[in-house]
Peer 1: 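Got a structure for you, written out below as structure tokens; questions coming shortly.
Convention: sequence-line order gives letters A, B, ...; per-chain numbering from 1. As the structure is a prediction and not an experimental result, all values here were calculated from the model. Quick note: numbers below take in every heavy atom, side chains included, and nothing from hydrogens, waters or symmetry partners.
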Number of protein chains: 2
Amino acid sequence: MALLQPSLVDPKIWQSCAGDAVKIPKLHSKVYYFPLGHLEHANPNPNTESLSLINSCRPFIPCIISSVDLLADPQTDEVYTKLLLTPVIDGSSVEPLEVHDDDDGDDYVVSSGKTISQSDANNGGAFSVPSKCAKLIFPPLELEAKLPAQELSITDVHGNVWEFRHVYRGNPKRHMFTHNWSQFVDKKKLVGGDSLIFMKNSTGKIYVGIRRVKKIAAAAVVQKKELVVMEAVKLAEKNEAFEVVYHPTAGDNFVVDAKVVEDAMKINWNCGMRVKRSLKNDDSSISVQHGTITNLCAPSNRPWGMLQVKWNEAKVLENTLQVGPWQIEYSFDAPSLHLQYPPTKRVKVAEDYTLSNDIQEVRHNSFSTSKFVEANNCNTRKVTFKLFGTIIQVGSDVDDSLAKK
Amino acid sequence: MALLQPSLVDPKIWQSCAGDAVKIPKLHSKVYYFPLGHLEHANPNPNTESLSLINSCRPFIPCIISSVDLLADPQTDEVYTKLLLTPVIDGSSVEPLEVHDDDDGDDYVVSSGKTISQSDANNGGAFSVPSKCAKLIFPPLELEAKLPAQELSITDVHGNVWEFRHVYRGNPKRHMFTHNWSQFVDKKKLVGGDSLIFMKNSTGKIYVGIRRVKKIAAAAVVQKKELVVMEAVKLAEKNEAFEVVYHPTAGDNFVVDAKVVEDAMKINWNCGMRVKRSLKNDDSSISVQHGTITNLCAPSNRPWGMLQVKWNEAKVLENTLQVGPWQIEYSFDAPSLHLQYPPTKRVKVAEDYTLSNDIQEVRHNSFSTSKFVEANNCNTRKVTFKLFGTIIQVGSDVDDSLAKK
DNA sequence: AAGAGTTGTCGGCCTTTCCGACAAATAGC
DNA sequence: GCTATTTGTCGGAAAGGCCGACAACTCTT
């Protein structure tokens, strides 16, 4: 039953399992690859040797997506993706292939999730189905009947079918899985805290995906992953095609759509700015985090983790303290406690006619420090990146002008 | 779980499921196809219309096996085969393809069977494993342990894997399947009397096949099968390639290796001759039936069911009362009660130079009747068949010579 | 803050599964 | 035909699964 090969997953099912917040670049699209993000994704505490190698590399590498595999782990059922990236040599005349929009329009997938309780995982072999899920995903039950029941065939990410009995019982009445539930818990090694995602496509076929709480990663495995990352980085630096693996549950993607990065870099991010970040929860509801930029802290002008944000909400993962501009949004609605930042985007664009194969970095060593920035222990730097032939400047004299007000 | 398509089965596993007595002709080999046998295989009581059509056809048709599919029924797990036969046009110069001997030598399959009891099928969800089977097929258990147990992964004919707990318990101690056995009974719809065949190949992988007691064939299904047979017969008669389906449990094969038929036809079969027939039982043991030829009763010189045999053993299927010569062996060792027939093969062979597309039948209308034959109410006929350009004569004047003694 | 709706956990009961006892059937001498 | 071994069936025991009761939690207003 347990296949040893990773399973190819239907794109819409894969997306629902990963969560709608997870963005996988499209085939043949332009992206930026962030080596530091890649390393931190494999190992949050990388060894110094790896870090120094990363520091000697370009901080971001423009690439084209040459292949996308949407996969599922045969052991854990968790979804992940394997991408083949081909570095773009600046000024090269290779015409990019057409980006195929894979939204087929007609077929859709609706999903509903639940983090399973201790009782779901251990007790009596029954699963308490959230009423939202039952209403949205499963065929309607005869709720007036004495013992409403139906047999559901639910397909996992490997294409294996599980037959559950779905009943509506108890007082107050609720939806439950009874028959075959404990076998499912047993085979999938589910524990309290793991999440299930139930999905239904336009043909009515029902699917189930799993997100695990515990990330059991042995030190040896992490070491191995780190070595694989470093091999990829070396290939990227040589402008050769390289393969990366991205697990949506292990932090943000380090391969980001070019336009998204470029647009985000055009904003004059500065200390004290109010920002937000919308997150999808396990049950596919949306929650919004609000925060304030506390520092522009990119060493060597690395956009990955350039902005340090202090989030208002307590439960925030460590790796979201330092974010890239594309990972957050400027918060228009939230009133700033100290200052009002104008939503106007002040962008400095300079046409570049130099055909160089490397990304040009121009560091402005003359920092201008405003009173506000000083008061917030925040260094404002003028930083200019060249992105696909366009020079972008971040951390401008906006502060000064505002401070003068 | 339940596939709707027939499964392709590994040849050695298929053979063990069918039983070693079942002979499937090799790809590209010469065979004789018996239309009457085909019809009786589909329906033991065929309608008169079908029978009259069969009678207007050749009684046997030489063919080449153009394809062999070894299959398993997705509903019942029973094995069967689908053959594509291409009629051989006598004298045609088409060079036959090489017959590939598919015996790979190295890999073998051992098997052990059991007809399951009422208790196996209904009670308490346990299966009493025959000790022979446990010793031959399963990995050795620590028989000295207090509760010897192991988990066995057993593959069915569709490639689905079943996990059973195999224990050695009770007083007296015996091998049993406990965990998952009742699910297997349930899913496979097993009833007392059905047989299981456990197999192990040279890599140690364990398989299970099923033979059912009840042949539930609705009248409509039988009608359909009869029509399919008649279509095949019509194609065969036109010397066009045709497909046949053979179920090993439903009687002897009507597609028989040419050499086997020819050799059997060379023997002067006669009334009173002692014959034997070895049969493989469910548990893969061998039992031998003994009998006496009571009649040479082929109407229109049809070798299928030409010999009428009275078997000594009681439990004989009806369809084995009338057999073809290739289905039995001359019994050298069994002492004849009345007469001693010499084991010498008296064969009359005549070279045939006529290039005819049809099989020549020469009926000798002058019957000679001996005293012995008269006393046994047995008609001795001289019958000549042309097989692949060789004329074979059966039921000779041996009787007379013996009777004169 | 209160009410309605939802869902986590528990104990009881019923079914299924697992076990050795015993006896019946079979194989071996 | 006798004995040794194997295996079919049974009743009791243990485990697993299904149920409503009740309470805690969440969401809405």
Side-chain angles (χ1 to χ4, degrees), chain A residues 112-136 143 145-151 163-187 190-196 281-283 285-287, chain B residues 112-136 143 145-151 163-187 191-196 281-283 285 287:
Chain A
S112 177
K114 184 195 179 183
T115 300
I116 69 175
S117 68
Q118 288 297 332
S119 298
D120 289 331
N122 306 325
N123 270 7
F127 172 70
S128 189
V129 179
S131 64
K132 271 184 194 172
C133 177
K135 281 167 191 157
L136 186 67
L143 298 183
K146 283 170 193 172
L147 276 168
Q150 67 186 182
E151 303 294 323
E163 312 266 353
F164 296 112
R165 179 169 300 138
H166 168 212
V167 298
Y168 188 66
R169 67 151 208 233
N171 200 343
K173 291 254 187 286
R174 93 282 311 269
H175 295 270
M176 307 211 85
F177 282 176
T178 57
H179 194 244
N180 281 344
W181 171 253
S182 56
Q183 283 81 344
F184 184 75
V185 169
D186 202 43
K187 284 276 174 106
L190 294 178
V191 295
D194 289 341
S195 297
L196 295 182
N281 300 329
D282 290 339
D283 58 345
S285 67
I286 300 162
S287 65
Chain B
S112 176
K114 184 196 179 180
T115 300
I116 70 175
S117 68
Q118 288 296 331
S119 298
D120 290 332
N122 306 326
N123 270 8
F127 172 68
S128 189
V129 179
S131 64
K132 270 184 195 173
C133 178
K135 282 167 191 159
L136 187 67
L143 298 182
K146 282 169 191 171
L147 276 167
Q150 66 186 182
E151 302 295 322
E163 312 266 353
F164 297 112
R165 179 169 300 140
H166 167 212
V167 298
Y168 187 67
R169 67 150 209 233
N171 200 342
K173 291 254 186 289
R174 93 282 311 271
H175 294 270
M176 306 211 85
F177 282 176
T178 57
H179 194 244
N180 280 343
W181 170 252
S182 56
Q183 282 82 343
F184 185 74
V185 169
D186 203 44
K187 284 278 173 100
V191 294
D194 290 341
S195 296
L196 295 182
N281 299 329
D282 290 340
D283 58 347
S285 66
S287 65

Peer 1: Please tell me which of the listed nucleotides, C:dT9, D:dC18, D:dG8, lies nearest to the side chain of B:Arg174?
Peer 2: D:dG8
Peer 1: Are the side chain of B:Asn180 and the backbone N or O of B:Phe164 linked by a donor-acceptor pair below 3.5 Å?
Peer 2: no
Peer 1: Ignoring the backbone of A:Ser117, work out which of D:dG8, C:dC19, C:dT9 is nearest its side chain.
Peer 2: C:dT9
Peer 1: Please give, in whole Å, the distance from C:dG8 C1' to A:Ile116 CD1?
Peer 2: 13 Å
Peer 1: Take atom CZ of B:Phe127 and atom C1' of D:dG8, then tell me their distance rounded to the nearest Å.
Peer 2: 12 Å
Peer 1: Given D:dG17, is OP1 or OP2 found less than 4.0 Å from the side-chain N or O atoms of A:Ser182?
Peer 2: yes
Peer 1: Can you tell me the distance, in whole Å, between the NZ atom of A:Lys173 and the C1' atom of C:dA4?
Peer 2: 18 Å
Peer 1: Select one nucleotide: of D:dC19, D:dT6, C:dC18, the one nearest the side-chain heavy atoms of B:Arg165.
Peer 2: C:dC18
Peer 1: Need to verify one output field. Residue with the more 5' nearest nucleotide on DNA chain C, A:Met176 or B:Gln183?
Peer 2: A:Met176
Peer 1: Ignoring hydrogens and geometry, is there a side-chain-to-backbone donor-acceptor pair from B:Trp181 to B:Asp120 under 3.5 Å?
Peer 2: yes
Peer 1: Please pick, from C:dT7, D:dC19, D:dG8, the nucleotide with the shortest atom-to-atom distance to any side-chain atom of B:Asp120.
Peer 2: D:dG8
Peer 1: Of the nucleotides C:dT17, D:dC19, C:dG8, which one has an atom closest to the side chain of A:Ser128?
Peer 2: C:dG8
Peer 1: Would you call the rings of A:Phe177 and A:Phe127 parallel, tilted or perpendicular if under 30° counts as parallel and over 60° as perpendicular?
Peer 2: tilted
Peer 1: OP1 or OP2 of D:dG8 less than 4.0 angstrom from a side-chain nitrogen or oxygen of B:Lys114, does that happen here?
Peer 2: yes
Peer 1: Taking the nucleotide of DNA chain D with the nearest heavy atom to each, does A:Asn171 or B:Ser131 sit closer to the 5' end?
Peer 2: B:Ser131
Peer 1: Measuring from the side chain of B:Ser119 (C-beta onward, heavy atoms only), which nucleotide among D:dT9, C:dT9, C:dT7 has the closest atom?
Peer 2: D:dT9
Peer 1: Determine yes or no for a side-chain-to-main-chain donor-acceptor pair under 3.5 angstrom, with B:Lys135 supplying the side chain and B:Pro130 the backbone.
Peer 2: no
